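Heads up, the thing below is written out as structure tokens.
If you read the sequence from its start, that first residue is 1, and numbering goes on from there. Given the structure is predicted, the values throughout are model-derived calculations rather than measurements.
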Amino acid sequence: MRLAGRTALVTGSTRGLGLAIAKRLAAEGAFVAVSGRSEEQARRVAEEIVAAGGRAVGIAADVADPESAEALVQTAIAEMGRLDVLVNNAGITRDTLFVRMTREQWDAVLDVNLGGVYNCTRAAVRTMMKQRYGRIINISSIVGLTGNVGQTNYAAAKAALIGFTKSLARELAGRNITVNVVAPGYIRSDMTDALSEDIKQQFLAQIPMGRVGEPEEVAHAVLFLAEEASSYITGHTLVVDGGMS
């Protein structure tokens, strides 16, 4: 197994991309801390992983709240004994054209999608530095590279993640901690499934591969950056978008 003996915390892992990532890391031998706002959902996903033969614990948290994020990381370390991999996946959208966007919609997205990464990473990084080992993987989006109508708040947060990652990678490289980004494109999810057929076709027309990506394909990219094979890769943005960007 590619992550045998390792531990991982995946934020926002009760559904969608985070769920696929948590299950993939667990399938490769990692002891996984599943996290979401709902304690019941986090525990349910952890139970599913255990039933499949893996090791997992469910922990409820609001990553936008510094105290909650700190408690999440410390609880994960207490449960698992150490923290080797942090996947900052938790995120929300509040899409609307900029001229209609309220300050509340702007702040909500930045607080979770960027502030949440700061909170969780700050809570985790000292432990990783003491271990002299760590893998931090931030889930951005191609929107952070290309922009998108109606998503100035989301694109701003996702673009900022890339700059944050490049800078932190330089600071932590000497401690054997890598910091990288995975930037997914149009990936199948509850949100994309709900789009009208016309909108789906507009997206597909922009993808050279001519199909929507699967959550598991993003999870494979995260797994690669989490394992030993990627030990000389840091500060990198790995785009998973079928050529869309």
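Dense packing is recorded around CD of Gln74, with more than 12 heavy atoms of other residues, nucleotides or ligands lying under 6.0 Å away. A 6.0 Å sphere centred on CZ of Phe224 holds more than 12 heavy atoms belonging to other residues, nucleotides or ligands. Annotation for Glu67: atom CD does not count as buried by contact number, only 12 or fewer foreign heavy atoms lying within 6.0 Å. Surrounding CZ of Arg2 are more than 12 heavy atoms belonging to other residues, nucleotides or ligands, all under 6.0 Å away. Few gaps surround CZ on Arg82; more than 12 heavy atoms of other groups in view lie less than 6.0 Å from it.
Here OG of Ser13 is found 7.5 Å from CG of Asn89. Values are rounded to the nearest 0.5 Å. Atom OG of Ser38 is separated from atom CZ of Arg44 by 8.0 Å, given to the nearest 0.5 angstrom. For the atom pair Arg175 CZ and Lys130 NZ, the distance stands at 11.0 Å (nearest 0.5 Å). To the nearest 0.5 Å, atoms CE (Met1) and CZ (Arg6) are separated by 15.5 Å. With rounding to the nearest 0.5 Å, the separation of CG in Asn153 from CG in Asp107 is 10.0 Å. Once rounded to the nearest 0.5 Å, the distance linking CG of Asn138 with OG1 of Thr121 reads 5.5 Å.
Using a 4.5 Å heavy-atom cutoff, the side chains of Leu223 and Leu25 are in contact. A 4.5 Å side-chain heavy-atom check between Thr93 and Val109 finds every atom pair outside the cut-off. Side-chain contact check for His236 versus Val181: every heavy-atom pair is 4.5 Å or farther apart. Contact check for Asn113 versus Ile92: side-chain heavy atoms found under the 4.5 Å cut-off. Side-chain contact between Ile21 and Ile139 is present, with at least one heavy-atom pair separated by less than 4.5 Å. Taking the side chain as every heavy atom from C-beta outward, Ile187 and Pro184 approach each other to under 4.5 Å. Contact of the Ile49 side chain with the Val34 side chain is registered, since non-hydrogen atoms from C-beta on lie closer than 4.5 Å. Between Leu9 and Val85, the closest side-chain pair of non-hydrogen atoms is not below 4.5 Å.
Residues Met129 and Ile177 approach most closely at N-CD1, 3.7 Å, considering heavy atoms. The minimum heavy-atom distance between Leu72 and Ala61, with the atom names listed, is CB-CB, 3.7 Å. Taking all atoms of both residues into account, the shortest heavy-atom contact from Leu17 to Pro215 is CD2-CA, 3.8 Å. The minimum heavy-atom distance linking Ala69 with Cys120 is given by the pair CB-SG, 4.0 Å. Scanning both residues, Gly242 and Ile207, for their nearest heavy atoms gives O-CG2, 3.7 Å. The two residues Ala46 and Gly58 make their nearest non-hydrogen contact at CB-N, 3.5 Å.
Looking only at distances, no side-chain donor or acceptor of Asn148 sits under 3.5 Å from a matching main-chain atom of Gln151. When atom types are taken as modelled, the side chain of Ser140 and the backbone of Lys158 share a donor-acceptor pair closer than 3.5 angstrom. Looking at Asn119, its side chain does come within 3.5 Å of a backbone N or O of Val63 through a donor-acceptor pair. A donor-acceptor pair is defined here as one N or O able to donate and one able to accept, closer than 3.5 Å; such a pair exists between the side chain of Ser231 and the backbone of Glu228. Of the possible donor and acceptor atoms, none in the side chain of Ser35 sits under 3.5 Å from a partner among the backbone N and O of Gly12. Distance alone, capped at 3.5 Å, is enough to place a donor-acceptor pair between the Glu217 side chain and the Glu214 backbone. Checking side-chain atoms of Asp111 against main-chain N and O of Gly116 turns up no donor-acceptor pair under 3.5 Å. The main-chain N or O of Thr178 is never found under 3.5 Å from a side-chain atom of Thr234 such that the two would form a donor-acceptor pair. At least one donor-acceptor pair under 3.5 Å links the side chain of Asn176 to the backbone N or O of Arg132. Formation of a donor-acceptor pair under 3.5 Å by the Ser141 side chain with backbone atoms of Val143 is found in this model.
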### Task
Quick one: do Leu225 and Arg135 satisfy side-chain contact (heavy atoms from CB on, under 4.5 Å)? Show the steps, please.
CA-CA 7 Å; Leu225 293 173; Arg135 299 284 186 268; over 6 Å; no
### Task
Applying side-chain contact (heavy atoms from CB on, under 4.5 Å), run through Thr237 and Thr165 and close with a yes or a no.
CA-CA 9 Å; Thr237 299; Thr165 297; over 6 Å; no
### Task
Check the pair Gln206 / Gln202 against side-chain hydrogen bond (donor to acceptor under 3.5 Å, both in side chains), numbers first and verdict last.
CA-CA 7 Å; Gln206 301 176 55; Gln202 289 177 30; over 6 Å; no
### Message
Go through it in stages, so that I can follow the logic: the residues are Met244 and Ile142, the test is side-chain contact (heavy atoms from CB on, under 4.5 Å), and I'd like the CA-CA distance, side-chain angles, deciding distance and then a yes or no.
### Response
CA-CA 8 Å; Met244 188 176 182; Ile142 62 161; 3.5 Å; yes
### Task
Please test Arg94 against Glu104 for salt bridge (charged side-chain N to carboxylate O under 4.0 Å, His left out), starting from the C-alpha separation and ending with a verdict.
CA-CA 9 Å; Arg94 296 290 186 269; Glu104 182 181 9; over 6 Å; no
### Full working for side-chain contact (heavy atoms from CB on, under 4.5 Å) between Leu86 and Ile137
CA-CA 6 Å; Leu86 171 64; Ile137 303 162; over 6 Å; no
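Tyr186 does not carry Arg211 over the face of its six-membered ring by the limits of under 6.0 Å from the centre and within 45° of the normal.
Val73 pairs in a side-chain contact (heavy atoms from CB on, under 4.5 Å) with only one of the listed residues (Ile59, Thr11, Leu83), which is Leu83.
Criterion: ILVMFWY side-chain heavy atoms under 4.5 Å apart, direct or through other members. Under it, Leu238 and Met209 are not part of a common hydrophobic cluster. Linking Ile, Leu, Val, Met, Phe, Trp and Tyr residues whenever their side-chain heavy atoms come within less than 4.5 Å leaves Leu168 and Ile162 in two separate clusters. Taking hydrophobic clusters as Ile, Leu, Val, Met, Phe, Trp and Tyr residues chained together by side-chain heavy-atom distances below 4.5 Å, Val57 shares a cluster with Ile77. In this structure, Val239 is not a member of the same hydrophobic cluster as Ile136, with clusters built from ILVMFWY side-chain heavy atoms closer than 4.5 Å. Val112 is connected to Phe164 through a chain of hydrophobic side-chain contacts under 4.5 Å among Ile, Leu, Val, Met, Phe, Trp and Tyr, so both are in one cluster.
Glu48 has a carboxylate O that lies under 4.0 Å from a charged side-chain N of Lys23, or vice versa, which qualifies the two as a salt bridge.
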